[in-house]
J.: 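Pasting a structure here, questions to come.
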Protein chains: 2
Amino acid sequence: MARGAVREPAASDGTGGVRDEPVRQRLLAVATRLFAEKGFENTSVQEIVSAAGVTKGAMYHYFDSKDDLLREIYARVLRLQTERLAMFAGAGEPIADRVHAAAADVIVTSVDNLDDTKIFFRSMHQLAPETQKAVRAERRRYHERFRDLVEEGQRAGVFRDDVPADLVVDYFFGSVHHLGTWYHADGPLPGATIARHFADLLLSSLRPPT
Amino acid sequence: MARGAVREPAASDGTGGVRDEPVRQRLLAVATRLFAEKGFENTSVQEIVSAAGVTKGAMYHYFDSKDDLLREIYARVLRLQTERLAMFAGAGEPIADRVHAAAADVIVTSVDNLDDTKIFFRSMHQLAPETQKAVRAERRRYHERFRDLVEEGQRAGVFRDDVPADLVVDYFFGSVHHLGTWYHADGPLPGATIARHFADLLLSSLRPPT
DNA sequence: TGTCGTTGACCGACCAGTCGGTACGCTAAG
DNA sequence: CTTAGCGTACCGACTGGTCGGTCAACGACA
């Protein structure tokens, strides 16, 4: 590596288009890709830093551990989804429309960040129990926010109420979380189409029984 | 270990109730439990054989590799579910009832074998690519069989046909596969209740739109 | 009945390699 | 002079897998 260069190595550094992001961001981006490709435990720290064009010293300067790297990836996608859910939940439309919009949106963002989605559910259990508990708690808050939306619809008589709202949320998000196992960006259906179909199925299953 | 004993060690051998299963079965049972608890990569071969009361020599006598152990666990649960699906699909009842029964059954068996379910979707990507492809292919056949059922209902006009049957199957099995991440046997809802609710939601979402 | 030879089941010490993590040094900026 | 931002060298723990060896059961044969 060119030691004479100033802060950032020159334009072409072999990291594939992420060349002038700061080191920390580059490490996160590369780790996300590698974790999604080969799994957390099968990706060595050495591979990550090599792909990012730095060394282990740099990585351990920005992150406490390999676990910490994974945790940061989780936190990032959770922040994004939580923000967007709050936006859709607080809109002024009828409850059914808000649920439909929020459901469709979470699918679109999951597809747009498919690597994060994959990592989340494959590698969660690799984290230290304490860290895992923290991540789970944040995830739970997200689910509860969505559940409140469903309950609002049930109280309004728009949704069937013979199925617990919690179960409905687990049901729907099971589908969302498993997008990573079968969806491919080059497949026949674009993310927006899947989002619409899944949201339709959710709303349809919530119609009160005849 | 008592070397003087004959084939099977005496009654109490500290393996916790699996004492007189043959060694191969014991290894599978113990590995299933440990893989579900701590993940495939975080479970060493030494831990497995210690918990099963044998040594590495024994394990490598029955299995080619650690991967082979995982593959056997997959194959076992896939065989079971495939058999049961064929049974429900071939019954003489109306198509809606058959889909409902098959959907509820796969949930019950997933809950009954929750460890296998967890392992399946957490550790699949750890397998060698070739092995992984074989397992995926078998899994795909199972999904296709289920999809055919949905399509049968669509052709009969019982189910809505504005959503591709493939998508419906991915939608539903996402929920099934994620049972392992939130369901606990000591929770408030028994498996049969969840099975009923999920199957109801599926059938409800398949009703033709008004 | 006694005693070989063979075979399947299993033991346990060991190896070569890999991994996450650390200690320390250098450089440039403030 | 201090601090941030890294690079380099290296450690110790651990892993999957191997390999020579042990032991009991069994069939053959006298």
Side-chain angles (χ1 to χ4, degrees), chain A residues 1-10 13-15 18-28 30-31 34-35 38-73 123 126-131, chain B residues 1-10 13-15 18-28 30-31 34-35 38-73 123 126-128 131:
Chain A
M1 181 165 214
R3 295 307 241 76
V6 276
R7 196 56 69 83
E8 292 300 327
D13 61 353
T15 55
V18 289
R19 63 178 192 267
D20 49 27
E21 286 176 284
V23 171
R24 198 188 131 90
Q25 295 305 315
R26 219 163 57 201
L27 281 167
L28 275 176
V30 165
L34 289 177
F35 288 165
K38 337 190 325 167
F40 178 73
E41 290 294 316
N42 287 331
T43 305
S44 69
V45 172
Q46 188 57 51
E47 283 179 285
I48 297 170
V49 297
S50 292
V54 293
T55 60
K56 285 218 265 185
M59 203 217 93
Y60 280 95
H61 178 72
Y62 288 107
F63 301 95
D64 292 340
S65 63
K66 195 186 172 190
D67 276 30
D68 193 36
L69 202 51
L70 188 55
R71 177 161 169 54
E72 219 8 71
I73 293 176
S123 312
Q126 308 275 13
L127 286 172
E130 213 172 312
T131 312
Chain B
M1 179 162 221
R3 293 309 237 77
V6 276
R7 197 54 71 87
E8 290 302 327
D13 61 352
T15 54
V18 288
R19 61 176 192 269
D20 49 26
E21 285 175 286
V23 171
R24 199 188 129 91
Q25 294 305 314
R26 219 163 56 202
L27 281 167
L28 275 177
V30 165
L34 290 177
F35 288 165
K38 336 188 330 168
F40 178 72
E41 290 295 316
N42 287 332
T43 305
S44 70
V45 172
Q46 188 55 53
E47 283 178 286
I48 297 170
V49 297
S50 293
V54 293
T55 60
K56 284 220 260 185
M59 202 218 95
Y60 281 94
H61 178 73
Y62 289 107
F63 300 94
D64 292 340
S65 62
K66 197 186 170 190
D67 275 30
D68 193 36
L69 201 52
L70 188 54
R71 178 162 167 50
E72 215 13 66
I73 294 177
S123 313
Q126 308 275 13
L127 286 172
T131 312

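Proteins come first, then strands; the chains are lettered A, B, ... in the order of their sequence lines, and each starts at number 1.
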J.: Pull out every protein N or O sitting under 3.5 Å from an N or O of nucleotides 16-23 of chain C, one pair per line with the distance.
T.:
from   : atom 1 : to      : atom 2 : distance (Å)
C:dG20 : OP1    : A:Lys66 : NZ     : 2.6
C:dG20 : OP2    : A:Val45 : N      : 2.8
C:dG20 : N7     : A:Lys56 : NZ     : 3.1
C:dG21 : OP2    : A:Tyr60 : OH     : 2.7
C:dG21 : OP2    : A:Lys66 : N      : 3.0
C:dG21 : N7     : A:Lys56 : NZ     : 2.8
C:dG21 : O6     : A:Lys56 : NZ     : 2.3

J.: Rounded to whole Å, how long is the line connecting atom NE2 of A:His61 with atom P of D:dG5?
T.: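 It is 4 Å, rounded to the nearest whole Å.
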J.: Among all residues two or more places apart in sequence or in another chain, which pass the side-chain hydrogen bond (donor to acceptor under 3.5 Å, both in side chains) test with A:Gln46?
T.: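 If we apply the side-chain hydrogen bond (donor to acceptor under 3.5 Å, both in side chains) test to A:Gln46, skipping adjacent residues, the hits are A:Ser50.
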J.: Taking only residues two or more places apart in sequence or in another chain, which ones pass side-chain contact (heavy atoms from CB on, under 4.5 Å) with A:Thr55?
T.: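 Residues passing side-chain contact (heavy atoms from CB on, under 4.5 Å) with A:Thr55: none at all.
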J.: Not counting sequence neighbours, list each pair that qualifies as a salt bridge (charged side-chain N to carboxylate O under 4.0 Å, His left out) and has a residue in residues 51-68 of chain B.
T.: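 Passing the test, one end in residues 51-68 of chain B: no pairs.
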J.: Enumerate the ring pair (Phe, Tyr, Trp, His ring centres under 6.0 Å) contacts for residues 47-66 of chain A, please, sequence neighbours excluded, ordered by first and then second residue.
T.: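 Applying ring pair (Phe, Tyr, Trp, His ring centres under 6.0 Å) to every pair that reaches into residues 47-66 of chain A, excluding sequence neighbours, yields nothing.
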J.: Which nucleotide wins on minimum distance to the side chain of A:Thr55, given the candidates D:dG7, D:dG5, C:dA9?
T.: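 Nearest to the side-chain atoms of A:Thr55, counting from C-beta on, is D:dG7.
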J.: How many Å lie between CZ on B:Arg26 and C1' on C:dA9, as a whole number?
T.: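 Checked: the CZ to C1' distance equals 13 Å.
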J.: With sequence neighbours excluded, what pairs up with B:Thr43 under the side-chain contact (heavy atoms from CB on, under 4.5 Å) test?
T.: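 B:Thr43 satisfies side-chain contact (heavy atoms from CB on, under 4.5 Å) with B:Leu34, B:Phe35, B:Lys38, B:Glu47, B:Ile48 only.
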